[in-house]
2 protein chains.
Amino acid sequence: MLKATNRLGSLGRREQNKIDTRRAIADAAFDLARNVGPGAFTVDQITERAGVSRRTFFNYFPSAQDALTVRMDLFIDRILSTFERLPRDEPLFDTIIRAFAETTGMEGLSQHGELFRMADADPDLLRAQLHSWERAEARIAEALRIRFGSTASQLYLTALVGCVMSCTKTAMRDWAVHTPASAPDSGKQLEARILAVLTMLRDGFADPGLRIAPDPPDPGS
Amino acid sequence: MLKATNRLGSLGRREQNKIDTRRAIADAAFDLARNVGPGAFTVDQITERAGVSRRTFFNYFPSAQDALTVRMDLFIDRILSTFERLPRDEPLFDTIIRAFAETTGMEGLSQHGELFRMADADPDLLRAQLHSWERAEARIAEALRIRFGSTASQLYLTALVGCVMSCTKTAMRDWAVHTPASAPDSGKQLEARILAVLTMLRDGFADPGLRIAPDPPDPGS
DNA sequence: GACAAATTTTGCACACCGTGCAACAAGAGT
DNA sequence: ACTCTTGTTGCACGGTGTGCAAAATTTGTC
């Protein structure tokens, strides 16, 4: 007999409510961080905005900072799904580069940059973000292990993923710093940087002269 | 009038007391983490062991976990001082590899491994450690910038340092996992891993077959 | 040694955090 | 409508991190 219970696009009320609540909390947290500054608000303020109880907040996130890393986790989701879609006979490094470069078209990219900049002012937020990257590393490494586990050693795969993630992080930081407002070519700017650093990585950092933009040789800051 | 006040090897009472207090706190925290488990003790327990007041603890460390990253910061000190000592006309990558490889002879290396393993059980400790690595990255990048700032772009240097740190982290994790007890050749084990991953990095991860231990070789690709 | 200045330690208060628990509410299945 | 399952809420409680001002300690000077 057919299940006709799904009234909400293949999702039950329960699932949908949870998604909504989670989003409401994350949005409230982001708004607060943007307005009063990261680390300058309490959980109670978040729950008030989101319209949930204090206790419910902690059912979703272990800390206020963790509510601000949702977007980064979504970023990883995107990388992984892009990764799954790419041809399996492509060289490993090409696949990785494409998977990472293609993510720069995602929505809310400028918010990403904002969050990066916020981390400078709030150590706890920085830690939460680093933890998020760490989880991402583990997830991607696992995906690679499943796909290439037979042809590459564990140490090789984890080291490679670590470097790729580190390079991407560096690229995003540099982008977040040098692309302050939401420039129209923001995505392109980020993509160029990611390509640049991943190319450096593939070349074993042999050429120190690679530059992303004609930068006047920084006179001692 | 001559200063005859320094009775303690070029250090005043004040400086020495602070060093002692800091060490007492860090030791107490490490002992507790080792005995009752990371994240399973309170700040009050630390202060009781260390013989200081609760308030004093927070004058030295912002959280209990941060008292456990002192050793990692010392590790970075060692890398940096080794780095300073190496010849300045050596190729950049060689200098880096040597600076990192030479640190494996440091005292308390096994405690390092212990701390790595502890991070699996305590998310907050993991975050503190990630933060510690992050600070280390910044310090080393700055040292490199001063030394090579004229011949390499900022993006290149930060990306390179990030990858080197990431590789070292990977090597130390793998070492911490696979060298459980304090093996007699613990330092050599770690050094071999660091050399392996940094070599991979220098080769642009071209050869997936590099292995640290004889594993069923699969000369694929 | 006594005194004053500088610095560190300490106790205290207070707002906030994070979690176990049990009552309650709401969706799912019949 | 009834029951089962799952999510929300209020409450209580121990722990955290910090500002503040009063001791306590070190340092320099006479």
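To find a chain, count down the sequence lines: A is the first, B the second, and so on, and within it residues start at 1. Only a predicted model underlies this, so the values are computations on that prediction, with no experimental measurement involved.
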Exercise for review: Would you kindly give the CZ-to-C1' distance between A:R13 and D:dT8, to the nearest whole Å?
Suggested key: 16 Å
Point to revise | Strand contacts (DNA chain D) in residues 29-42 of chain A, 4.0 angstrom heavy-atom criterion | key: none
Check your understanding: Does the pair A:R71/A:D27 count as a salt bridge with the N-to-O cut at 4.0 Å?
Key -> yes
Revision key, fill the gap. Sorted by number, residues from residues 121-132 of chain B placing a heavy atom under 4.0 Å from DNA chain D are none
Check your understanding: Salt-bridged, A:E142 to A:R145, with N to O below 4.0 Å?
Key -> yes
Practice item. Would you check if the side chain of B:T179 reaches a backbone N or O of B:A176 as a donor-acceptor pair within less than 3.5 Å? Key: no
Exercise for review: Tell whether B:R14 reaches the base of C:dA6 with its side chain through a donor-acceptor pair below 3.5 angstrom.
Suggested key: yes
Check your understanding: Ion pair present between B:K169 and A:E137, side-chain N to carboxylate O less than 4.0 angstrom?
Key -> no
Point to revise | Side-chain H-bond candidate by donor/acceptor type, A:R193 with A:Q189, under 3.5 Å | key: yes
Check your understanding: Less than 4.0 Å between a side-chain N and a carboxylate O, is that true for A:D73 and A:R139?
Key -> no
Exercise for review: Is it possible for you to check whether A:R147 lies under 6.0 Å from the centre of the six-membered ring of A:F83, through NZ or CZ, and within 45° of that ring's axis?
Suggested key: yes
Review point. Quick one: does A:W175's side chain have a donor or acceptor within less than 3.5 Å of a partner on A:E191's backbone?
Key: no
Check your understanding: Does B:R78 offer a backbone N or O that forms a donor-acceptor pair with the side chain of B:T103 under 3.5 Å?
Key -> no
Check your understanding: To the nearest angstrom, how far is B:K18 atom NZ from C:dT8 atom C1'?
Key -> 8 Å
Exercise for review: Mind running a 4.0 Å heavy-atom check of residues 49-61 of chain B against DNA chain D and sending the residues that fall below it, in number order?
Suggested key: B:R54, B:R55, B:F58
